[in-house]
Amino acid sequence: MAKIAIFYGSTSGVTQGVATKIHELIGEEVCDIYSMEEDFMSVDEMLEYDYLLFGCSTWGSGEVQNDWRDPLFDMEMDKPDFTGKTIALFGAGDYVTHGEQFVSALGTLYDHFKKLGATLVGEFPTDGYTYEYSFAVRDGKFVGLPIDEVNESDKTDGRIASWLKVLKQYFPIASLETA
C-alpha cells in the first residue's frame, strides 16, 4: 500500500484543524500526520512517503507559515530530490483581512516543490471564493485547497470533501472513495 503523510504548519490552529479533518477522512490506518513544529525531524522523513499533503497558512504579504521556514525547512534550498513524490497542498487564509494575498503561501510551496521534481496535484476551482489576488492561482485554478475558517467556516467540510474527490484520481487509496 502507498505511504501517505500530512505535514502541516499552524500558528492559530486553523491549518491543524483542517489537517486533522483530512487525516480522519483519508483514514488513520493509511495516513500519518505530522506537525512541522512538533513532529518534523528531517526532509528524509518526508521522502519515506510516496504521497504527501502539505498544509500551510499564509502570513504577512503572502509568506509561508513560520514552521515551514528555516530551520525546519529552508525554502531556499535546491535539494533534496522530490522526483517520484506526489504532493497536494492545502492552506488557510482570510479573504477579508488578507484578500490581497489570499492563500499565496500555497503558490510558494507549489513552485518550490515543483523545482525539486515533485508532481503536484489537487488543483481547486476559484469559483465561490472572494479575494483580490492570490499567488496560488495558476491557469485560473488554485494550486491546492484554500480554506477560510474565519469568514466561510460553513463551507469548509464541503470544500474538503470536494477536494478529496479530486485527490482520489492521484492518491490510490480506497478510503477516499467514501469522502
Side-chain angles (χ1 to χ4, degrees), residues 3-26 28 31-80 82 85-95 97-116 118-124 129 131 134-138 142-153 156 159-160 163-164 167 171:
K3 293 178 74 176
I4 302 167
I6 299 170
F7 289 87
Y8 69 88
S10 189
T11 300
S12 64
V14 173
T15 306
Q16 178 181 7
V18 173
T20 301
K21 285 181 183 185
I22 292 169
H23 183 234
E24 290 169 357
L25 289 168
I26 291 175
E28 297 174 9
C31 181
D32 297 326
I33 186 169
Y34 300 98
S35 162
M36 291 294 289
E37 178 182 34
E38 297 171 10
D39 305 318
F40 184 72
M41 294 177 209
S42 71
V43 174
D44 289 337
E45 179 182 42
M46 282 181 175
L47 293 172
E48 292 177 11
Y49 292 90
D50 301 314
Y51 298 89
L52 300 158
L53 294 103
F54 291 159
C56 181
S57 53
T58 299
W59 290 89
S61 58
E63 288 88 26
V64 297
Q65 191 267 350
N66 282 337
D67 296 341
W68 284 95
R69 296 184 199 156
D70 193 351
L72 296 176
F73 200 86
D74 182 358
M75 295 306 295
E76 298 302 318
M77 73 177 171
D78 58 1
K79 295 179 183 176
F82 273 77
K85 303 301 176 186
T86 302
I87 297 175
L89 305 171
F90 65 93
D94 175 347
Y95 83 83
T97 306
H98 301 289
E100 73 287 350
Q101 290 293 336
F102 183 64
V103 297
S104 285
L106 296 183
T108 300
L109 290 178
Y110 179 89
D111 289 348
H112 182 68
F113 287 102
K114 191 169 185 88
K115 181 178 83 174
L116 296 176
T119 299
L120 284 110
V121 300
E123 62 185 18
F124 202 74
Y129 288 90
Y131 59 95
S134 179
F135 184 62
V137 174
R138 309 293 163 83
F142 288 108
V143 297
L145 173 66
I147 296 293
D148 186 344
E149 276 289 285
V150 175
N151 305 292
E152 299 181 328
S153 60
T156 297
R159 287 174 171 166
I160 291 172
W163 187 61
L164 288 177
L167 290 189
F171 282 52

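All figures in this text were calculated on a predicted structure; none of them were measured in a lab.
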Compare every heavy atom of [Y] with every heavy atom of [X], then report the nearest pair and how far apart it is.
| X | Y | value |
| --- | --- | --- |
| D94 | N151 | OD1-ND2, 2.8 Å |
| A136 | L106 | CB-CB, 3.8 Å |
| W163 | A88 | CZ2-CB, 3.6 Å |
| A19 | Y8 | CB-CD2, 3.7 Å |
| D67 | G9 | OD2-CA, 3.7 Å |

>> If we check side chain to side chain contact (heavy atoms under 4.5 Å, CB included) with F90, which of these qualifies: T15, L167, I160, V103?
In response: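 Testing each of T15, L167, I160, V103 against F90, the sole residue satisfying side chain to side chain contact (heavy atoms under 4.5 Å, CB included) is T15.
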> Which one of L52, L116, V121 satisfies the side chain to side chain contact (heavy atoms under 4.5 Å, CB included) criterion with I87?
Replying inline: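 The passing option is L52.
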How many angstroms lie between atom [atom1] of [X] and atom [atom2] of [Y], to the nearest 0.5 angstrom?
| X | Y | atom1 | atom2 | result |
| --- | --- | --- | --- | --- |
| I33 | E24 | CD1 | CD | 8.5 Å |
| I6 | T20 | CD1 | OG1 | 8.0 Å |
| I26 | C31 | CD1 | SG | 4.5 Å |
| S10 | E37 | OG | CD | 9.0 Å |
| L109 | S104 | CG | OG | 11.5 Å |

Side-chain heavy-atom pair [X], [Y] within 4.5 angstrom cut-off:
| X | Y | result |
| --- | --- | --- |
| E149 | T156 | yes |
| M46 | Y34 | no |
| L53 | I22 | yes |
| F135 | Y110 | no |
| E123 | V143 | no |

>> I'd like to know whether F142 forms a ring pair (Phe, Tyr, Trp, His ring centres under 6.0 Å) with F124, so could you lay out the CA-CA distance, the side-chain angles of the two residues, the decisive distance to 0.1 Å, and finally the verdict.
In response: CA-CA 5 Å; F142 288 108; F124 202 74; 7.7 Å; no
>> Does Y51 form a ring pair (Phe, Tyr, Trp, His ring centres under 6.0 Å) with F171? I'd like the steps, not just the answer.
In response: CA-CA 7 Å; Y51 298 89; F171 282 52; 5.0 Å; yes
> Are any of the side-chain nitrogens in R159 or E152 under 4.0 Å away from the carboxylate oxygens of its partner?
Replying inline: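 Yes, R159 and E152 are salt-bridged.
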>> Determine whether V64 and W59 satisfy the following criterion, side chain to side chain contact (heavy atoms under 4.5 Å, CB included), listing intermediate values before the conclusion.
In response: CA-CA 6 Å; V64 297; W59 290 89; over 6 Å; no
Is [X] reaching over with its side chain to a backbone N or O of [Y], donor-acceptor style, under 3.5 angstrom?
| X | Y | result |
| --- | --- | --- |
| H23 | E28 | no |
| K85 | L47 | yes |
| W68 | A105 | no |
| D50 | K3 | yes |
| S134 | F102 | yes |

>> Under a 3.5 Å threshold, yes or no: a donor from one side chain and an acceptor from the other, between Q16 and S35?
In response: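 No, no side-chain donor-acceptor contact under 3.5 Å.
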> Are more than 12 heavy atoms from other residues, nucleotides or ligands located less than 6.0 Å from atom CD of Q65?
Replying inline: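 Buried by this count: over 12 neighbours within 6.0 Å.
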> side-chain hydrogen bond (donor to acceptor under 3.5 Å, both in side chains) between D32 and Y49: does it pass, once the steps are laid out?
Replying inline: CA-CA 9 Å; D32 297 326; Y49 292 90; 2.5 Å; yes
> Can you check side chain to side chain contact (heavy atoms under 4.5 Å, CB included) on K114 and F82, steps first, answer last?
Replying inline: CA-CA 8 Å; K114 191 169 185 88; F82 273 77; over 6 Å; no
